[in-house]
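To find a chain, count down the sequence lines: A is the first, B the second, and so on, and within it residues start at 1. Keep in mind the model is a prediction, meaning the values are calculated, not measured.
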Amino acid sequence: MQLAPLPTSLPYLRPLKTQYMERSEQELVRRENLRRIREMGIEPFPAATFPVTHLATDILEQAEFDDENKATNFGEVTLAGRVMAVRVMGKAAFAGLQDSSGRIQIYVSRDDIAPGEDKALYNDLFKKYLDLGDFIGIKGFVFRTRTGEVSVHVQEFTFLGKALRPLPVVKTDEDGNTYDAFSDPEARYRMRYVDLTVNPQYKEIFRKRSRLITAMRSFLDDLGLMEVETPILQPIHGGAAARPFATHHNTLDVPMYLRIANELYLKRLIVAGFDGVYEFAKMFRNEGMDRTHNPEFTAVEFYVAYKDYNWMMDTCEALLEHAVKSVGENGSTRVTVGDNEIDFKGPYRRLTMADAIMEYTGEDINGADEAELRAICQRLHIHVDKTMGRGKLIDEIFGEKVEGHLIQPTFITDYPVEMSPLTKKHRSKEGLVERFELMVNGKEIANAYSELNDPIDQRERFEEQLKLADRGDDESMPMDEDFLRALEYGMPPTAGIGIGIDRLVMLLTGQKSIQEVLFFPQMKPEA
RNA sequence: GAUUCCUUAGCUCAGUUGGUUAGAGCAUCUCACUUUUAAUGAGAGGGUCCUGGGUUCGAGCCCCAGAGGGAUCACCA
């Protein structure tokens with residue numbers, strides 16, 4: 001039995017290189033300021049709750065003023081956040097206070113915060129020992145400056161937390177031009193806490209992501225489905241065609257895999273007698289990384305008994321329309337992606353794969369055998385190799401010539417059986433299965449089928465997959481005897497779907513890279 | 001995995017044909033300033049030029065290898 005490596009050799013426990021490096025001048029200054037604050041008898045990391053009453057943005061949006069520029073609809077306000085800019089002019093100063101909602105200007109005058117003889121609170125603490133990035137709390141009143149900027153006149157201020165490292169200082173002028181932006185993607189992704197502090201505009205992507213998931217969840221709840229959790233650590237990695245992450249359970253001394261899909265477990269729950277289940281699930285696939293692939297990604301899957309893929313198309317439309325409304329501007333179902341405006345209002349166009357290929361290439365693949373498909377590929381100048389079977393050839397034609405044209409939400413239906421080992425055979429079309437994918441902006445957003453519930457057919461499909469594995473296909477599905485046993489106990493007809501959350505968020509927020517919609521995208525370890 | 005580009009101060013970036021002690025703005029430090037707003041004015045400090053080799057009298061710059069990142073392509077969702 002293999003021994004686990006020593007914990008200190010694990011990359012994530014290795015100290016960052018910067019800990020060994022000499023501290024920069026600015027870091028030394030901040031540590032000295034920290035010491036001075038303690039010397040004044042002030043705790044730079046206080047424990048007590050700070051009673052915030054207002055957010056910056058609420059004041060900026062709602063404040064109304066009298067003739068003396070004092071706010072009429074705000075009394076005493078208490079805010080907390082980071083100091084992001086300071087402009088000291090002798091005995092008075094302006095600063096930018098940034099909280100979770102945005103940034104508001106505060107006005108600090110020496111004799112207001114230090115009314116007695118001792119001016120240390122202003123001269124030392126505020127002017128000298130306060131650094132950009134420090135957390136403070138302020139109490140004061142809302143007013144408008146000579147130049148018209150809504151500000152808070154500070155009467156009391158409280159130190160709430162020291163920043164020992166300098167934040168990048170991003171400045172924006174009155175024309176909206178940004179200077180010294182913290183823009184290096186590597187630094188942004190590795191230090192998302194810095195990124196979202198100095199580039200708060202990116203927070204909106206994650207707020208939309210959160211709203212989208214909340215909306216989908218409430219839709220599925222309203223549909224009567226039950227949210228469930230299924231294993232992430234699995235003894236057999238089933239439910240999709242992908243290479244898994246392998247790990248090992250020490251006590252059981254067995255290999256385990258991080259799930260590449262949760263489909264087979266959700267179907268077991270349909271067997272168990274739940275009429276509808278859903279799961280927002282992290283999936284893990286040990287494959288390439290690029291701007292549309294992260295090793296872990298999120299999908300929502302749901303399975304509903306006594307339904308078929310036609311019902312699922314209707315439901316998918318309704319779900320997406322509802323979800324996009326919750327994220328879009330003013331409840332709109334439309335989003336602008338590059339030069340395209342995409343409308344998620346249903347119904348969406350429904351097109352069989354064969355009809356789609358006919359429409360965009362003029363080639364008829366209905367009833368075409370492998371040799372005829374190869375001839376079509378040659379006419380269309382599509383590169384193929386000998387290992388490709390019928391299903392793969394059709395998939396190539398679709399991927400090369402059709403997919404990219406499908407900008408508005410479009411259901412592509414009726415896939416070749418070879419590509420779909422978990423899907424029920426089509427009720428009337430030989431060689432096809434009852435499957436659809438939803439294409440939006442030229443990319444797949446959802447994948448759904450009438451679920452295969454015939455255990456004998458399912459076993460044959462697994463056996464076909466094993467043959468692929470023997471030929472060297474390392475993405476083929478392994479046999480799952482327990483899943484087959486479950487089906488043998490009987491599963492009702494069921495419709496199931498998986499919707500990729502990350503790509504949907506990318507679409508709805510106009511992001512070209514999946515890294516922009518993940519808080520902590522996977523990166524190589526820092527050197 | 002392939003191709004290609006990038007890596008210089010805390011941040012954003014210059015850096016000529018290979019040539020003295022590597023520069024700028026912001027940030028930092030000192031001083032002045034009670035309604036400023038990319039605050040301003042005066043002065044100062046701050047560098048593993050990604051790493052390791054090599055060529056050369058001399059390398060941030062040229063060559064080789066490596067690391068990390070971006071973009072494009074292939075596979076996957």
Exercise for review: Measure the distance from CG on Asp184(A) to P on G69(B) and round it to the nearest whole Å.
Suggested key: 11 Å

Exercise for review: Grab the CZ-C1' distance between Arg291(A) and A77(B) for me, whole Å please.
Suggested key: 14 Å

May I have the list of side-chain donor-acceptor pairs in residues 112-123 of chain A shorter than 3.5 Å, sequence neighbours left out?
{"residue": "Asp112(A)", "atom": "OD2", "partner": "Ser109(A)", "partner atom": "OG", "Å": "2.7"}
{"residue": "Asp112(A)", "atom": "OD2", "partner": "His153(A)", "partner atom": "NE2", "Å": "2.4"}
{"residue": "Asp118(A)", "atom": "OD1", "partner": "Ala120(A)", "partner atom": "N", "Å": "2.9"}
{"residue": "Lys119(A)", "atom": "NZ", "partner": "Asp111(A)", "partner atom": "OD1", "Å": "2.9"}
{"residue": "Lys119(A)", "atom": "NZ", "partner": "Ala114(A)", "partner atom": "O", "Å": "2.7"}
{"residue": "Lys119(A)", "atom": "NZ", "partner": "Gly116(A)", "partner atom": "O", "Å": "2.9"}
{"residue": "Tyr122(A)", "atom": "OH", "partner": "Gly90(A)", "partner atom": "O", "Å": "2.9"}
{"residue": "Tyr122(A)", "atom": "OH", "partner": "Ala92(A)", "partner atom": "N", "Å": "3.1"}
{"residue": "Tyr122(A)", "atom": "OH", "partner": "Ala92(A)", "partner atom": "O", "Å": "3.2"}

**Study point:** Spacing of the C1' atoms in A42(B) and U4(B) (rounded, Å)
**Key:** 48 Å

**Study point:** Short side-chain N/O contact from Lys171(A) to OP1 or OP2 of C26(B), under 4.0 Å
**Key:** no

Practice item. Looking only at side-chain atoms of Arg110(A), point me to the closest of C75(B), C26(B), U34(B). Key: U34(B)

Review point. Ignoring hydrogens and angles, are the base of U35(B) and the side chain of Glu149(A) linked by a donor-acceptor pair under 3.5 Å?
Key: no

Exercise for review: Using only side-chain N and O atoms of Gln515(A), determine if any of them is under 4.0 Å from OP1 or OP2 of G70(B).
Suggested key: yes

Review point. Would you say a side-chain N or O of Arg87(A) is under 4.0 Å from OP1 or OP2 of U36(B)?
Key: no

Point to revise | Ring-face cation contact, Phe141(A) with Lys70(A), 6.0 Å cut, 45° max | key: yes

Revision key, fill the gap. Closest of C33(B), A77(B), A27(B) to the Ile514(A) side chain is A77(B)

Check your understanding: Under 5.5 Å between ring centres and under 30° between planes: true for Phe297(A) and the base of A77(B)?
Key -> yes

Review point. What nucleotide among U34(B), G10(B), C11(B) has an atom nearest to a side-chain atom of Ala92(A)?
Key: U34(B)

Exercise for review: State whether the aromatic ring of Phe94(A) stacks on the base of A39(B), taking stacking to mean ring centres under 5.5 Å apart and ring planes under 30° to each other.
Suggested key: no

Review point. Gln26(A) near the nucleic acid: base, sugar-phosphate alone, or nothing, with a heavy-atom cut-off under 4.0 Å?
Key: base

Check your understanding: In terms of side-chain heavy atoms of Asp180(A), which of G46(B), G25(B), U34(B) is nearest?
Key -> G25(B)

**Study point:** Contact under 4.0 Å: Arg23(A) side-chain N or O vs G10(B) OP1/OP2
**Key:** no

Check: protein-nucleotides 7-9 of chain B nitrogen or oxygen pairs below 3.5 Å:
none

**Study point:** Asp173(A) side-chain proximity, nearest of A38(B), A39(B), A27(B)
**Key:** A38(B)

Review point. Nearest-Å distance, CG (Leu132(A)) to P (A38(B))?
Key: 16 Å

**Study point:** RNA chain B stem ranges, 3 or more consecutive Watson-Crick or G-U pairs under 3.5 angstrom
**Key:** B:1-7 with B:67-73, B:10-13 with B:23-26, B:28-32 with B:40-44, B:50-54 with B:62-66

Review point. Would Arg188(A) count as a cation-pi partner of Tyr202(A), with NZ or CZ less than 6.0 Å from the six-membered ring centre and within 45° of the ring normal?
Key: yes

Review point. Does a nitrogen or oxygen in the side chain of Arg165(A) sit under 4.0 Å from OP1 or OP2 of G10(B)?
Key: no

Review point. Where do Arg30(A) and Arg165(A) come nearest, in terms of heavy atoms and distance?
Key: NH1-O, 3.4 Å

**Study point:** Pairwise P distance, U48(B) and A9(B) [rounded to whole Å]
**Key:** 8 Å

